[in-house]
Amino acid sequence: MGKFATIDTALDEMLVNLAAIVLRLSKPEMTRTPEARRALTQSVHQYAVCAARSTDPRVHELKTQLEQTLKPNLRIVAIDGMKVS
């Protein structure tokens, strides 16, 4: 394995470890404030930039998982007797 391949593999491992940290920090109890949500959003976007050039499928799967943490949880609320169009 050449020097560049060794460096590439090491970077992929670091990205996998970083994603695990950001996923732990993305839990709702950790991101209650607007500042925490902004920090999470910035971290996910920065991770996506770094992951874009990776060829490791784990890195891309983790990028997808991280991006899902930014999507709001939607709830369906039924209002008795009201019609929504």
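Along the sequence shown, residues are numbered consecutively beginning with 1.
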Value rounded to 0.5 Å, distance of NE2 in H45 from NZ in K63: 10.5 Å
OG1-CG distance between T69 and L23, expressed to the nearest 0.5 angstrom: 6.5 Å
Polar side-chain atom of Y47 near backbone of L15 as donor-acceptor pair, under 3.5 Å: yes
Side chain to side chain contact (heavy atoms under 4.5 Å, CB included) between L25 and L40, intermediate numbers included: CA-CA 8 Å; L25 294 173; L40 174 64; 5.6 Å; no
Shortest non-hydrogen contact from A48 toward E67: CB-OE2, 4.0 Å
Common cluster, M14/V22, ILVMFWY with side-chain heavy-atom separation under 4.5 Å: no
Path from V49 to L66 over hydrophobic side-chain contacts below 4.5 Å: no
Gap separating the CD atom of Q42 from the CZ atom of R37, nearest 0.5 angstrom: 14.0 Å
Crowding at CD, E35 (>12 non-hydrogen neighbours, <6.0 Å): yes
Q68 CD to S26 OG distance, which is reported to the nearest 0.5 Å: 11.0 Å
Straight-line distance of D56 CG to D8 CG, nearest 0.5 Å: 8.5 Å
Partner of V59 under side chain to side chain contact (heavy atoms under 4.5 Å, CB included), chosen from D12, L18, L11: D12
Minimal non-hydrogen separation, R24 against K27, with atom names: O-CG, 3.1 Å
Sidechain-backbone polar pair: N17 side chain, E13 backbone, donor-acceptor under 3.5 Å: yes
